[in-house]
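Beneath this line is the structure, given in structure tokens, with notes to follow.
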2 protein chains.
Amino acid sequence: MEIQQQFEQFLSQRGMKHTNERREIFRAILDMDAPFDVDKLLFYLKQQGEKTSKATIYRTLQLLLESGLLRTISLSPAAARDTLYSLCGKYRAYDHLVCTGCGKVRDIEKQQICLSCQTITKELGYKLESHSLRIFALCPECQAKGIKTC
Amino acid sequence: MEIQQQFEQFLSQRGMKHTNERREIFRAILDMDAPFDVDKLLFYLKQQGEKTSKATIYRTLQLLLESGLLRTISLSPAAARDTLYSLCGKYRAYDHLVCTGCGKVRDIEKQQICLSCQTITKELGYKLESHSLRIFALCPECQAKGIKTC
DNA sequence: ACTTATAATGAGAACGAGTCTCAATTGCAG
DNA sequence: CTGCAATTGAGACTCGTTCTCATTATAAGT
Ligand SMILES: [Mn+2]
Ligand SMILES: [Mn+2]
Ligand SMILES: [Zn+2]
Ligand SMILES: [Zn+2]
């Protein structure tokens, strides 16, 4: 099924209206070519002549999170600002390797991580839903430059 | 070495002063019996008659993070509020299993996770520093109660 | 189509965690 | 002790996020 239709179906299931704003916001999200924050989305919509309000964007993002179509990304263990969002499945990996020197982020795809999560939850009788792994490490370039962290 | 002395040594290495405020804040952190936020720390210190300021608490927490004695915890992938802190080593695991139903958090200790992180960073020529894994799953109790998420 | 009830939106005020400023205080080297 | 740079406290400030409420749009019922 088309992803737009999945959202509309989600709205219907909840007895919510299919508004023009919800459509436009979702379309803008589909246009994003990297994880985005609210500012970026708002700017993009303004550019296109939409006068969507900040409040409606936050409300729609919340709906998309609840629908399971969108997820948040937290790259830094501290960062309590500027939430990043990404469509589920748009980028293959949910796991990230973050360079503590230059901040560069790589996606990780390691079957072993998924298997470990399955093992852990199975052993404890939990029903696995998702996971998020962040590895903090110094990239080869930063090692060469002699950048130190901590 | 005593952990208090490790902090004082860190301050000395940086040529920073051993102030009463830094001592009292660290003592309060040692008294915490669970991951804490700044509010809780501030309240605890007020209770004890200390009139430490919010600014100094943030400044000292930052120093403790840099010293490697303290870490932050991010349990929810969304939460952009109220950072949680915990002494390194106070709770054994850095990885958490979070119930998406009741929010209950368990520590995870799985050697396999550490090994995977080592493998991943080694393959890419990175120098591993740390990692943080959060597994989101429904606990047995919540499954029994028929609580659904998403 | 038209009406109507009500869900949704927009504008901006409010909120709150975290940061910054600067005058007053404190630690500590000499 | 003294002198001075480092540190602190009070509170203003920032800015991402949430809330409020008057206005507007959706969709069910006719
Ligand atoms: Mn931004
Ligand atoms: Mn709190
Ligand atoms: Zn790097
Ligand atoms: Zn549970």
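Keep in mind the model is a prediction, meaning the values are calculated, not measured. Heavy atoms only: backbone and side chains are in, while hydrogens, waters and symmetry mates are out. Residue numbers begin at 1 in each chain, while the letters A, B, ... track the order of the sequences.
In this structure, Gln62(A) places its CD atom 19 Å from P of dG16(D), rounding to the nearest Å. Taking atom CG on Leu42(A) and atom P on dT17(D), their separation rounds to 12 Å, with Å as the unit. Look at CG on Leu61(B): it is 12 Å from P on dT8(D), rounded to the nearest Å. In this structure, CD1 of Ile57(B) is placed 12 Å from P of dG18(C), rounded to the nearest angstrom.
Scored by the salt bridge (Lys or Arg N to Asp or Glu O under 4.0 Å) test, Glu24(A) finds Arg27(A) as partners (sequence neighbours excluded). For the side-chain hydrogen bond (donor to acceptor under 3.5 Å, both in side chains) test, residues two or more places apart in sequence or in another chain that qualify with Ser12(B) are His18(B). The side-chain hydrogen bond (donor to acceptor under 3.5 Å, both in side chains) test applied to Thr19(A) returns no partner, not counting sequence neighbours. Remark: Ile3(A) pairs with Phe26(A), Leu30(A), Leu69(A), Leu87(A) by the side-chain contact (heavy atoms from CB on, under 4.5 Å) rule, at least two apart or across chains. For the side-chain contact (heavy atoms from CB on, under 4.5 Å) test, residues two or more places apart in sequence or in another chain that qualify with Thr60(A) are Phe7(A), Arg22(A), Ile25(A), Thr56(A), Leu64(A). With sequence neighbours excluded, the residues that form a salt bridge (Lys or Arg N to Asp or Glu O under 4.0 Å) with Glu123(B) are Lys110(A). Taking the side-chain hydrogen bond (donor to acceptor under 3.5 Å, both in side chains) definition, one finds that Tyr44(A) meets it with Asp31(A), Gln48(A), sequence neighbours left out. For Tyr58(B), the side-chain contact (heavy atoms from CB on, under 4.5 Å) partners are Val38(B), Lys54(B), not counting sequence neighbours. Ser130(B) is linked by a side-chain hydrogen bond (donor to acceptor under 3.5 Å, both in side chains) to nothing, counting only residues two or more places apart in sequence or in another chain.
Minimum heavy-atom separation, Gly125(B) to Pro140(A): O-CG, 3.4 Å.
Contact annotation: Thr83(A) does not reach the phosphate of dG16(D) (side-chain N/O to OP1 or OP2, under 4.0 Å).
Nearest to the side chain of Thr56(A), among dG10(C), dA10(D), dT17(D), sits dG10(C).
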Just the table, please: protein N/O against nucleotides 19-23 of chain C N/O, every pair under 3.5 Å.
| unit_1 | atom_1 | unit_2 | atom_2 | d |
| --- | --- | --- | --- | --- |
| dT19(C) | O4 | Lys54(B) | NZ | 3.3 |

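Side-chain N or O atoms of Glu129(A) include none that pairs as donor or acceptor with a backbone N or O of Leu138(B) at under 3.5 Å.
Applying a 4.0 Å cut-off to non-hydrogen atoms, the residues of residues 10-25 of chain A that approach DNA chain C are Met16(A), Lys17(A), Thr19(A), Glu21(A), Arg22(A), listed by residue number.
An angle of 30°, rounded to 10°, separates the two end axes of the helix from dA1(C)-dT30(D) to dG30(C)-dC1(D), each defined over five pairs.
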